[in-house]
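Here the structure is a predicted model, which is why all the values come from computation and not from measurement. So that the names make sense, note that chain A is the first sequence line, chain B the second, and so on, each numbered from 1.
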Amino acid sequence: MTTTTAPDANEPLPKAYDPSQVEPRLYAHWEQQGYFKADPTPSLLPVDDPGYRRPYCIVIPPPNVTGSLHMGHAMYVIEDVLIRWHRMLGDNALWLPGVDHAGIATQMVVEKELARTEKKTRHDLGREKFLERVWAWKQQSGNRITTQLRTLGFALDWSRERFTMDAKLSAAVVEVFVKLYEEGLMYRAARLINWCPRCRTALSDLEVEPKEEKGKLWDIAYPLVDGSGEIVVATTRPETLLGDTAVAVHPGDPRYQGWVGKKVRLPLAPEKRTTADAETIGNTIPIVGDAILVDMAFGSGAVKVTPGHDFNDFETGKRHKLPLVNLLNPDGTLNDNAGAYAGKTADAARKEVLKALTESGALRGEKDHVLARGRCQRCDTVVEPYNSTQWYVRAKPLAGPAIRAVETGRTRIIPEGWTKTYMHWMTNIQDWCVSRQLWWGHQIPAWYGPDNAVFVARSEAEAAAAAEKHYGKLVTLRRDDDVLDTWFSSALWPFTTLGWPEKTADLDAYYPGAVLETGFDILFFWVARMMMMGIHFMGEVPFKHVYLHAIVRDDKGEKMSKVKGNVVDPLDVIQGATVDRLPKAAQKQYPEGWKPQGADSLRFTLASMASQGRDIKFSMERIEGYRAFLNKVWNAARFALMRVTPGAVRPIDDVKKDMSPADRWILGRLQELSRGVNTSLKEYRLDEATMSIYHFLWDELCDWYIEMSKPALMDTTASPRKVACEATLVHVLDHALRLLHPFCPYVTEEIWQKLPLARRPAETIQLARFPTGDATWDDPVSAAVVGTAQELCNAVRRIRADVSLNPSKKVTLRVGCTDAAKREVTQFEDALKRLANVEAIEFHAELGADKTKQCAMMQTTKFQVAVPLEGLLDVEAEKVRLAKELEKAEKELAGIRGRLDNAGFRERAPKDIIEKDEARAAELNEKMGRIRDTVSRLN
RNA sequence: AGGCGCGUAGCUCAGCGGUAGAGCACUACCUUGACACGGUAGGGGUCGGCGGUUCGAGACCGCCCGCGCCUACCA
C-alpha cells in the first residue's frame with residue numbers, strides 16, 4: 001500500500017487532476033497517522049496554561065446503522081469544514097462518529113427479509129432468535145455507512161465511534177429512564193395513542209404524518225329511545241358508531257333545547273359492549289351538552305362521541321365521564337364490541353355499515369369531504385387512535401429550562417428564524433410517548449408483579465429486591481416487553497457518547513459541544529429533545545450553537561425518497577455510476593452514466609449551496625463546474641511547480657524589498673480573503689466562504705497574478721525579482737490551499753505536499769495554521785497600481801474583440817495619460833504586452849489628431865487608448881462602436897445627474913455619497929468629451 | 001385556520017437602503033510554452049403585483065397573487 005504523502009517533487013504533476021488516484025490513498029494515510037484522533041488532556045488544563053487548547057466538539061447526527069448514506073447525509077461536509085477549520089486554528093477538535101439503531105426502520109427491514117426468504121414472522125422465531133437476526137443484519141450492513149463517510153473524506157475520530165445500542169450507551173439509557181421515573185418525569189398511563197396496525201406499535205405525534213385524502217361525510221339518524229324523534233349526526237367514519245358512547249350538542253343550541261339527558265339508540269351496535277373498565281354497556285347512549293367539542297354552525301350541530309377512537313372525543317369522554325369502548329384489535333381488525341362486524345377490517349366494516357344504514361333508512365345524506373388522516377411515517381399505513389397503556393415522559397418540566405437556554409442565548413439557533421419555531425413547539429409541548437411495541441431497541445427497565453405493580457430498576461436483580469420488599473416475599477416478575485423510542489436514546493447522544501454516566505475526561509473536556517448541525521426537519525424530533533435531556537442530566541446545554549441546514553432535494557425541488565426513486569448516493573457522484581444507478585430523471589440527461597467527480601467537487605458544491613434557505617437542489621452541473629475549478633487550481637500548482645526553481649523557495653519576509661506591485665497586491669488580497677473566510681465561517685456562511693475562495697484562486701490568482709508574473713518567472717537567471725516572485729507565488733498557493741482545505745481536503749493535501757515551501761509547518765496541511773489575515777501585508781497602493789494596469793489591459797482587449805482583431809495578431813499601442821498613470825503602468829509593461837498581445841506601447845500626454853488617425857479608440861477613466869489599424873479600420877463600424885460607448889456613459893451620467901439635481905438628495909444624503917457621485921459625474925463628462933472628440937475626428 | 005419561508009438573468013442561487021451580482025448555460029473569436037475541466041470579449045433582468053415610508057427601495061412597512069414547508073383542526 002502506498003502511504004507516502006510526499007511524492008517525488010521532481011515528478012511533474014499529471015496534466016489533469018484525477019481524484020480517484022488521490023483520495024483513497026490519502027484517507028487511508030490520514031487515518032493511519034491518527035490525524036483525526038482527539039485528546040482531551042490539553043483542554044483539561046487551566047485556561048491560562050500555555051498548553052491549554054480550546055475544545056471544539058461536534059457529535060455527528062447518527063445515521064441509521066443499517067441504512068446507506070444519501071445526499072442529505074453528505075451535508076455532514078458542513079461539520080467536517082467546521083472541524084477542520086477549528087483544528088487548523090489550533091483548537092482541540094473532536095468530531096465524534098456513530099450510528100443509530102433506528103428501531104422501527106431496521107426491524108421492518110429484517111421482518112421483510114424474513115418474510116421473503118423464510119416466509120416467517122418475528123413471532124415464529126421468538127424474541128431472542130429474532131434479535132440475533134437483527135444483530136447479524138447490523139453486522140453485515142453496518143460497514144457501508146462508515147465506508148461512505150470515509151470516502152467523503154470526513155475527519156471523524158473513529159477511535160470513538162459509538163452505536164446507540166453499545167453496552168455502555170444502553171446502560172446510560174436505563175440510567176436515564178430510572179432517574180426520570182424516580183423524579184416523577186416518567187410515568188405509565190392509559191390513553192389514546194397513535195397506533196400503527198401494520199407495525200403494531202404506538203407512535204409519537206411526530207411520527208405521524210397527516211395526509212389529505214378525499215372522503216365522504218355521511219349523515220346518520222339516531223332515534224331517541226323515548227320515540228320522541230331522532231338526532232342526525234355527521235361522520236367521516238360511520239363504522240366507529242359502534243363505539244359511540246354519547247351524542248354531543250351545543251348547550252346553547254336552540255334546536256336541541258331540552259334534549260340533553262335524553263337517550264338515543266345506536267343503530268347496528270350490539271346489545272352488549274365491554275368498556276375499557278371491563279364494564280358491560282348496552283347500545284343506548286346519552287345526549288350530552290358540550291360547548292368545546294361542538295360547533296353549532298357545522299352540519300346538524302350534533303356530534304357522535306367515540307372516546308375510544310378519536311382524540312377530541314376522548315377528551316369529551318373525560319369531561320362527561322363517558323365509558324370508552326375499544327373497537328379494534330392490535331392488527332386493525334374489529335373486535336367483539338363490533339358485534340356482527342367483528343373480525344373485519346375497518347374499511348370492510350364501513351361498507352357493510354353503510355349498506356345496513358341505507359337499508360334501514362338511517363342514512364340521511366352523503367357528500368364529498370376532504371379530510372386529513374394520519375399515516376405512519378415508516379410504512380404509510382393509516383394510523384388509528386387507539387386506547388392503550390404506554391410510558392410517557394412528562395415534557396413540561398423539561399421544556400422550561402430548554403426554553404430559557406435559548407432565550408438567554410446559552411444556545412443560539414442559526415439561522416435565527418428557527419428560534420421562533422423552536423419556542424412555539426416547546427411552549428406547546430405534549431407529553432412524549434416513548435414506549436414502542438417493538439423488539440429492536442432498548443427494552444424498558446420495568447418489571448411487573450402478579451398484581452401488575454410496577455418496579456422500575458437498573459437490573460432484574462434490583463427489581464426483584466424491590467418487589468420482595470414490597471410483597472414481603474419473593475414473587476415472579478414479568479419484564480415490560482416494550483422498547484423505547486429510538487429518539488429517546490438519540491436525545492442522550494451528546495453526553496452518552498462521551499461516557500456519561502461515568503465521569504470521563506472526554507465529558508469534562510468536550511461537553512457542551514460547540515455546535516449541533518443538522519437538517520431543520522428534525523428540530524423537534526431530535527434537537528429539542530437533546531436540549532431537554534442535556535440540560536436535565538448535565539446541568540448544562542448540550543451545545544452552544546444549533547446550525548440548521550437546508551434539505552437536499554432533487555433537481556426539481558422534490559424531497560429525495562426511495563419511493564420516488566430520486567435518491568442519489570453520494571458515492572455514485574464521487575466514483576461515477578452506470579446509467580442504471582441514476583435517478584430516472586437523470587438517465588435521459590446522462591445516457592452514458594455519471595463520470596467520477598471526486599469527493600472534493602461534491603464537498604465544495606454542497607458547501608457552496610449551504611446558504612440559509614430551505615432547499616438545496618441537487619445539481620450535477622454545478623458539481624461539474626467545481627470539478628473544473630479544482631482542475632484549475634491543480635494546474636495553477638502544476639505551473640508553479642514547473643516554473644519555480646527546484647529546491648525550497650525563500651520566505652516572503654526575506655524578499656520583501658524585491659517584490660513587484662503585483663506581488664504585494666496578491667499578498668494583500670490574500671489577507672483580505674483570509675479575514676473574509678474566517679468571518680464567513682464564524683457565521684456559518686459556507687457559501688460565502690467558498691465563493692470568495694473560488695474568486696480569489698481563479699480570477700485573481702490565475703487570471704491576473706500568474707499571468708502578470710510570467711515575465712519574471714521566465715527569467716533565465718535567479719534575479720531578485722524572480723526570487724521574490726517565486727516566494728510570493730508559493731506562499732500564496734500555500735495559504736490559499738490552507739483556506740480551501742476544510743472544503744477540499746484531498747486535492748489541497750496532494751498539492752501542498754509537493755510545494756517547495758520555505759518552511760513546512762506541519763507534516764500535513766490539516767495541521768498547518770489556518771490563515772486569519774496579517775494586516776502588515778495589506779497594500780492599497782499596490783492594489784491601485786494593479787487596478788490601473790488592469791484598466792489599460794481590459795481596454796485593449798475590449799478594442800480587439802470589438803473590431804474583431806485576431807487575438808494572435810500583435811499590435812502597437814498608443815496611450816494618452818498622465819505621468820502618474822504612465823509610471824504605474826510601465827511597471828507592468830512586460831506583463832501588459834503579454835496579456836494584451838501588444839508589441840510596443842507609446843505613451844503621450846495627449847493623443848492628438850495625428851496619433852489617432854486610422855486607430856480604434858477607447859476612453860477609460862485614466863487612459864485614452866488607440867490601436868493603429870493601418871487601413872483595416874472600418875470607419876462606420878467604429879462610429880457605431882463609439883456611439884455605443886457614449887450611450888452607455890450617458891445613461892450612467894443621467895442616473896447620477898438625476899440624483900445630484902435633486903435638492904432633497906443634496907440636503908439629506910451623506911456627504912461621502914454625494915462626493916462619490918460628483919467625482920463619477922466629472923469622470924463621465926471628461927470621458928464623454930473625449931469620445932465625442934474622437935468621433936468628430938473620424939468624419 | 002395559524003405560523004414560517006420563497007418568488008432577482010434561460011437554470012440554480014447570492015445580495016437586503018446608495019451606479020443590478022455569481023456559477024452554469026448561451027454567442028463570437030482563440031490549439032499564446034499550467035489548464036479546451038482552458039483563454040478573451042459579449043448578450044441577457046421595469047429584482048411576482050399594487051400601494052406606503054425615504055432625498056433614494058430587490059432590499060424597510062402594508063395588502064394582494066403564486067409556490068413550498070411546518071403546526072393545529074376539520075363531526
Side-chain angles (χ1 to χ4, degrees), chain A residues 12-13 15-17 205 210 217-219 233-237 247-248 293-295 298-306 310-313 369-372 415 417-418 420-421 424-425 428 520-521 523-524 551 553 555 557 559 595 601 605 608-609 611-619 621-622 624-643 685 687-688 691 694-695 702-703 706-707 710 714 794 797-802 804-808 834-837 891-893 895-896 898-899 902-910 912-914 916-917 920:
Chain A
L13 293 183
K15 196 169 166 182
Y17 175 57
D205 302 343
L217 190 60
W218 289 277
D219 293 325
V233 297
T235 181
T236 55
R237 305 176 62 197
V247 170
L293 181 70
V294 181
D295 173 5
F298 191 95
S300 65
V303 188
K304 62 194 274 307
V305 182
T306 326
D310 182 285
F311 290 102
N312 287 316
D313 292 3
H369 186 75
V370 176
L371 71 160
W418 289 106
K420 218 170 153 178
T421 311
H424 181 259
W425 190 78
N428 296 290
F520 63 77
D521 52 339
L523 177 60
F524 306 141
I551 302 296
R553 298 175 189 279
D555 54 350
K559 205 164 174 171
K595 284 198 295 181
S601 314
T605 306
S608 76
M609 297 197 294
S611 56
Q612 320 255 304
R614 295 235 170 170
D615 300 334
I616 293 176
K617 282 181 198 151
F618 175 78
S619 154
E621 286 86 353
R622 264 186 91 167
E624 286 171 340
Y626 290 128
R627 187 193 56 188
F629 164 65
L630 296 180
N631 188 58
K632 185 78 181 175
V633 174
W634 177 262
N635 273 286
R638 181 166 178 259
F639 169 78
L641 294 174
M642 284 166 73
R643 286 295 159 193
R685 293 303 307 264
D687 57 328
E688 241 176 50
M691 284 297 92
Y694 181 100
H695 176 247
C702 291
D703 290 351
I706 288 181
E707 294 304 327
K710 277 180 178 171
M714 301 289 177
N794 287 337
R797 286 170 168 178
R798 178 84 191 274
I799 292 172
R800 276 183 173 284
D802 283 354
S804 299
L805 198 63
N806 190 308
S808 60
R834 258 193 65 80
L835 289 171
N837 205 18
K891 221 168 131 186
E892 195 188 332
L893 185 63
I896 296 172
R899 253 173 287 145
N902 184 329
F905 178 72
R906 287 207 171 270
E907 273 169 42
R908 318 183 82 134
D912 57 316
I913 297 287
I914 297 175
K916 223 169 97 188
D917 272 352
R920 185 65 187 150

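Across all strands, A:N794 comes closer than 4.0 Å only to sugar-phosphate atoms, never to a base (heavy-atom distances). Residue contacts shown for A:S608 are absent, as no nucleic acid heavy atom lies under 4.0 Å away. Residue A:P910 is classed as a base contact, given a heavy-atom separation below 4.0 Å to a base. At the heavy-atom level, A:I913 lies under 4.0 Å from base atoms of the strands shown. No engagement by A:D917 is indicated, since no non-hydrogen atom pair under 4.0 Å with the nucleic acid exists. Looking at heavy-atom distances under 4.0 Å, A:E907 makes no contact with the nucleic acid at all. No contact: A:A903 has no heavy atom under 4.0 Å from any strand.
Rounding to whole angstrom units, CG of residue A:D295 and P of B:A1 are separated by 15 Å. Atom P of nucleotide B:A41 and atom CG of A:N837 are separated by 14 Å, given to the nearest angstrom.
Here the separation of B:A41 from B:U46, taken at their C1' atoms, is 27 Å to the nearest Å. Across B:C6 and B:C74, the matching C1' atoms stand 28 Å from one another, rounded to whole Å. Using atom C1' as the reference point in both B:G7 and B:C11, the two lie 15 Å apart (nearest Å). The same atom, P, is picked in B:G62 and in B:U53; the two are 15 Å apart, to the nearest Å. Using P as the reference atom, B:U40 and B:G56 are 42 Å apart when rounded to the nearest Å. The same atom, C1', is picked in B:G15 and in B:G58; the two are 9 Å apart, to the nearest Å.
With sequence neighbours left out, the side chain to side chain contact (heavy atoms under 4.5 Å, CB included) criterion links A:Y694 to A:F604, A:Y626, A:F629, A:W698. With sequence neighbours excluded, the residues that form a side-chain hydrogen bond (donor to acceptor under 3.5 Å, both in side chains) with A:R906 are A:E918. For A:N428, the side chain to side chain contact (heavy atoms under 4.5 Å, CB included) partners are A:H424, not counting sequence neighbours. The side chain to side chain contact (heavy atoms under 4.5 Å, CB included) search around A:R899 returns A:I896, A:F905, A:D917, not counting sequence neighbours. Among residues two or more places apart in sequence or in another chain, the side-chain hydrogen bond (donor to acceptor under 3.5 Å, both in side chains) test is passed with A:D219 by none. A search for side chain to side chain contact (heavy atoms under 4.5 Å, CB included) contacts involving A:R643 returns A:F639, A:M714, not counting sequence neighbours. Residues passing the side-chain hydrogen bond (donor to acceptor under 3.5 Å, both in side chains) test with A:E688 are A:S680, sequence neighbours excluded. In terms of the side-chain hydrogen bond (donor to acceptor under 3.5 Å, both in side chains) criterion, A:D912 has no residue partners (sequence neighbours excluded).
Picking from B:U71, B:C74, B:C55 the nucleotide with the shortest atom distance to the side chain of A:F905 gives B:C55. Looking at the side chain of A:F524, the nearest of the listed nucleotides B:C13, B:C70, B:G3 is B:C70. With distances taken from any side-chain atom of A:R622 to the nucleotides B:U19, B:C69, B:U12, the minimum falls on B:U12. Looking at the side chain of A:F520, the nearest of the listed nucleotides B:C69, B:G15, B:C13 is B:C69.
A side-chain N or O of A:R622 and one of A:S608 form a donor-acceptor pair less than 3.5 Å apart.
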Side-chain atoms of residues 630-637 of chain A: list all donor-acceptor pairs with protein atoms under 3.5 Å, sequence neighbours left out, distances to 0.1 Å.
residue, atom, partner, partner atom, Å
A:N631, OD1, A:Y17, N, 3.0
A:W634, NE1, A:P14, O, 2.8
A:N635, ND2, A:K15, O, 3.2
A:N635, ND2, A:N631, O, 3.0

I'd like a list of close polar pairs between nucleotides 52-54 of chain B and the protein, N/O only, cut-off under 3.5 Å.
none

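Looking at RNA chain B, the stems built from 3 or more consecutive Watson-Crick or G-U wobble pairs, each pair with its key distances under 3.5 Å, are B:1-7 with B:65-71, B:10-13 with B:21-24, B:26-30 with B:38-42, B:48-52 with B:60-64.
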Report summary line: Readout for nucleotides 29-39 of chain B: B = base within 4.0 Å of protein heavy atom, S = sugar-phosphate only, - = neither; 5' to 3' it is SS--BBBSBSS
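For B:G38, the glycosidic angle deviates from 0 by more than 90°, giving an anti base.
Counting heavy atoms from C-beta outward, A:E621 and A:S619 have side chains that approach closer than 4.5 Å.
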